[in-house]
Amino acid sequence: MIEFETPKPIVKQQYLLQTVAEEMMRPHSRYFDEHEHEIPWDYINFMHQAMQAVGAGSLAPASGNGDKEKEPDDKKKKYPPIGYQSLAFMLEMLSWGDVGIYLVTPGGSLGAAAVEATGTPEQKKKFLARFQAEEPAFGAMAMTEPQCGSDTSAIRTSAVLDEETNEWVLNGEKIFVTAGKISLEDSDGLVVIWATIDPSAGRAGMRPFVVEAGTPGVSVTKLEHKMGIRASDTASIVLQDARVPFENLLGSPEIPKKETKGFKGAMATFDATRPLVAATGIGVSRATLELLKELLAQQGVKIRYGLPRQKLTSVERDVIDMEIMLESAWLMVIKAVWLADNRKPNSLEASMSKVRGGDIVTKITQKALEIMGPIGYTRDHLLEKWFRDAKITDIYEGTGQINRLVVARNILGYRGEQLR
Amino acid sequence: MYGFEPSEEQKMLIDAIQRYTTNDLRPAAHDADEGGFFSEDLIEKGWELGILQASLPEDYGGFGEYSAVTGVLAAEELAHGDLAGGIAVLTPGLYAMPIFLAGTEQQKESLLPAVIEAEWKPYTAALIEPRFDFDPNDLKTEAIEFGDVYLLSGEKVFVPYADQAEAYIIYAKLDDATQGFIVEADAEGVEVGKRQAMMGVNALPLHKIKLDKVHVPMENKLGGQSSIDFEKILSSFRIATASLGVGLARAAFEYSRDYAKDRDVFGVKVAQKQAIAFMLAEMATEIEAIRLLTWEAAWMIDEGKEEAAKYAYLAQTGAMDMAMMVTDRAVQILGGHGYIREHPVEMWMRCGRGIASFTGLAMV
Ligand SMILES: Cc1cc2nc3c(=O)[nH]c(=O)nc-3n(C[C@H](O)[C@H](O)[C@H](O)COP(=O)(O)OP(=O)(O)OC[C@H]3O[C@@H](n4cnc5c(N)ncnc54)[C@H](O)[C@@H]3O)c2cc1C
């Protein structure tokens, strides 16, 4: 069936989240933009309590969301799985509130997502429990290193097994870890560190390791100063003979002969998270478009829908183009998460939604500022902040170029070696 | 005849500006953007390059002659160093240039030498108004004749150094046309608002000012009794904005090009990825296109061509999209590193958007 009805539980959820966005985020957007590295604890504590109340401890896609097996029977009957869909809606609304503040929502975020995507049931139970605890906890995912970002197979952080103690010894440097500091230093959180257990094996040797807060040999060495999303910490993490128990390796330590399983784990995480990152871009776009229309309306500018382009003013045309971009990009996000919920392959759609999401949020925020002229350029409104927040959407979770590459390989039927 | 090479004299000026931007301005730009101001010495050093002084004749304290072409070359080079710093260095021109272009002989002789022969001082101007569709040919600030004075009322934004201004040129609508008025800093009715918080050019102090029936003596109307041809002044604003955009974009292009040739990705340099190489090729093409359009408009101004105003408009309008496109891509080419304030590209991207709204901040 082809249909576009928002599931009832999501409608309910959005109603609450909009209040959160309006009351807990928007009024503090400017403050946390201008006070980089301050932590929005009021928001965090509120969200933690709210999520505990509804039993959603972790933000990880599959935890109690979308994981069919875990859902109570009666729930299963009433609704097809909508875990990823509710998550996409949630992220869209919170990013409509403030994408920087959203990034410090407690729950495991990308760290938990990696545990979900690559861990065994025991590991999930063990590591994700902290997100249901009394105090808010955070999770992060660390892949990027100083010398490589897009080319994840070039990571140098190493993990060597100390057979005597049965511990993994990690060494290396990770950069640009979202929520790295709040996960390791400000809460009892965790960071999933991608490291190689066999540098000669390339991608096949890559493995995710859970590094918990308080692990000796792990230190946060730097916090970046960024263009936007300043409420979110972006940390460098140095691992110096950091020891973690054997069981902290997610998945299997065996190196298969042909497969590139470790790498596939990473890619599976991305298929899940890319549409969600796109959803955050949609939130910023929608916020921008709404404010733009409101400001224009105050100036007596009405958008006349239904006219041929030749009869539109240039502002009307710009706004209408923005609406096309926004709605179509959102549909691509929904399709990608709908596929994930229904356990269908979504690599193509996930990357497409990320390409489009990254594109439209930069275009919409840039155009909105141009249209508002000298008013848009000042910090009197949030438009200029959203312009700065927007750009990251086209960079992290695979740059626009990397996601175009994934789309191209998919539609052309080329493997990595054939199109790079 | 066509020609695309600067004269010997222009080359020398460009070289001198480059030394200044390379050694002084660019290295100071990041901290100035974060801290909100430039040191006076730095601006003074830029002033001593003599860009404005060389474009005015000896009679008024200068040592050269006016050339819009030289002006756009200089503005481009300054913005290549830093946009906010370039505008700061050029600020006294906001006052001197309109007087030179449209003032009476008496106004030129009495007012210009004080600006030109002294050290850098914040002589400034107020054109832009707080409206999304601000139109310099349809100002809301009005001048009305009242006995032997004009009364100016309205609101201005983006006025450089308004809080420490020596004097202003304030633009207002008089009998349906934009006219300029020479206004003393302490004139009654001029209320300088607080500094505006901006997305970019944070090192440049920009203020709102409110004008409440500011008395301007008749003789302080730019051009005296006869009304001035504002189009000429506007064209100078426009080509200045366009060339600032070109200089800024060149900076972003060069930085991202060099980065792409240095950084490894998937076993090759980032620049060897065709997706990136094509981006860079398009950036270079856009810059070249708008640069030529700007030069042509400037040349037309110098030659007194009838179509100069139209071409200045085209150059400025084209520069808006060019500056945004090029600076956005520069960030993209650096990937995550482009989003970090340690690299200048994100600052240039914030400035890049400003080009669309900065006509009124500089003149050449
Ligand atoms: C605020 C922020 C938060 C982040 N959070 C995290 C996090 O939580 N965890 C984490 O692991 N990482 C994180 N990152 C890192 C981010 O994912 C990387 O920056 C991104 O993947 C790009 O890598 P890079 O910066 O090394 O750019 P590079 O890989 O050096 O890329 C440079 C340029 O080359 C292009 N390029 C690369 N390969 C190709 C190709 N094959 N074809 C065409 N073009 C190509 C890129 O698109 C880019 O334009 C974060 C980054 C930022 C800025």
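Here is the naming used below: chain letters follow the sequence lines, and residue numbers restart at 1 for every chain. Keep in mind that the numbers below use all heavy atoms, side chains included, and drop hydrogens, waters and symmetry copies.
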How close do [X] and [Y] get, counting heavy atoms only, and between which atoms?
X       : Y       : answer
F132(B) : P374(A) : O-CD, 4.3 Å
I402(A) : F266(B) : CD1-CE1, 3.9 Å
Y377(A) : R353(B) : CE1-C, 4.0 Å
G373(A) : S357(B) : C-OG, 3.3 Å

### Task
Start with the C-alpha gap between M279(B) and Q401(A), add the side-chain angles, then the distance that decides, and say whether side-chain contact (heavy atoms from CB on, under 4.5 Å) holds.
CA-CA 11 Å; M279(B) 266 199 223; Q401(A) 289 65 48; 3.1 Å; yes

### Task
State whether E342(B) and K226(A) are salt-bridged, where the test is any N-O pair (Lys NZ or Arg NE/NH1/NH2 against Asp/Glu carboxylate O) under 4.0 Å.
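Answer for the salt bridge query: no.
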
#### Entry: Stepwise side-chain contact (heavy atoms from CB on, under 4.5 Å) test for V157(B) and T378(A)
CA-CA 10 Å; V157(B) 291; T378(A) 70; over 6 Å; no

Residue, of [options], that accumulates the most heavy atom pairs under 4.5 Å with chain B:
options                            : result
I395(A), I392(A), D380(A), L383(A) : I392(A)
I175(A), I371(A), D151(A), L405(A) : D151(A)
K391(A), K385(A), M372(A)          : K391(A)
I375(A), V315(A), I229(A)          : I375(A)

Where does [X] contact chain B at under 4.5 Å (heavy atoms): side chain, backbone, both or neither?
X       : result
R230(A) : side chain
Y396(A) : neither
E36(A)  : side chain

### Message
Run E384(A) and R350(B) through side-chain contact (heavy atoms from CB on, under 4.5 Å) and show every step you take.
### Response
CA-CA 9 Å; E384(A) 67 81 28; R350(B) 289 185 281 112; 6.0 Å; no

### Task
Would you please say whether a donor-acceptor pair under 3.5 Å links the side chains of D264(B) and Q147(A)?
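Their side chains do not contain a donor-acceptor pair, so the 3.5 Å distance test is not met.
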
At a heavy-atom separation under 4.5 Å, does [X] approach chain A through its side chain, its backbone, both, or neither?
X       : answer
A356(B) : side chain
Q274(B) : neither
D328(B) : both
Q332(B) : both

#### Entry: ring pair (Phe, Tyr, Trp, His ring centres under 6.0 Å) partners for H30(B), two or more places apart
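Applying ring pair (Phe, Tyr, Trp, His ring centres under 6.0 Å) to H30(B) gives none.
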
#### Entry: Non-neighbouring partners of D233(A) that pass side chain to side chain contact (heavy atoms under 4.5 Å, CB included), sequence neighbours left out
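Listed in chain order: K181(A), I182(A), L223(A), A235(A).
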
### Query
Taking the side chain as C-beta and beyond, is there a heavy-atom pair between N202(B) and R379(A) under 4.5 Å?
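When only atoms from C-beta onward are counted, R379(A) and N202(B) do touch, with a gap below 4.5 Å.
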
### Task
Name, in order of residue number, those residues of residues 293-304 of chain A that have a heavy atom at a distance of less than 4.5 Å from a heavy atom in chain B; otherwise write 'none'.
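Heavy-atom contacts from residues 293-304 of chain A to chain B are L296(A), Q299(A), V301(A).
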
### Query
Near R195(B) CZ, under 6.0 Å, is it more than 12 heavy atoms from other residues, nucleotides or ligands?
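Check passes, neighbour count above 12.
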
### Message
Looking at Y313(B), I want to see if its OH is surrounded by more than 12 non-hydrogen atoms of other residues, nucleotides or ligands under 6.0 Å.
### Response
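No.
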
List the atom pairs, donor and acceptor, that lie under 3.5 Å between side-chain atoms in residues 333-340 of chain B and the rest of the protein, sequence neighbours left out.
unit_1	atom_1	unit_2	atom_2	d
Y339(B)	OH	G228(A)	N	3.2
Y339(B)	OH	R388(A)	O	2.7

### Task
Verify side-chain contact (heavy atoms from CB on, under 4.5 Å) between M349(B) and Q366(A), making sure each step is shown before the conclusion.
CA-CA 10 Å; M349(B) 182 175 159; Q366(A) 290 174 11; 3.5 Å; yes

### Message
Tell me which of these, K273(B), M199(B), E346(B), M320(B), has more heavy-atom pairs under 4.5 Å with chain A than the rest.
### Response
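The option with the most such pairs is M199(B).
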
### Winner by heavy-atom pair count (cut-off under 4.5 Å) against chain A, out of Q196(B), M347(B), M324(B)
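Of the candidates given, the most pairs with chain A belong to M324(B).
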
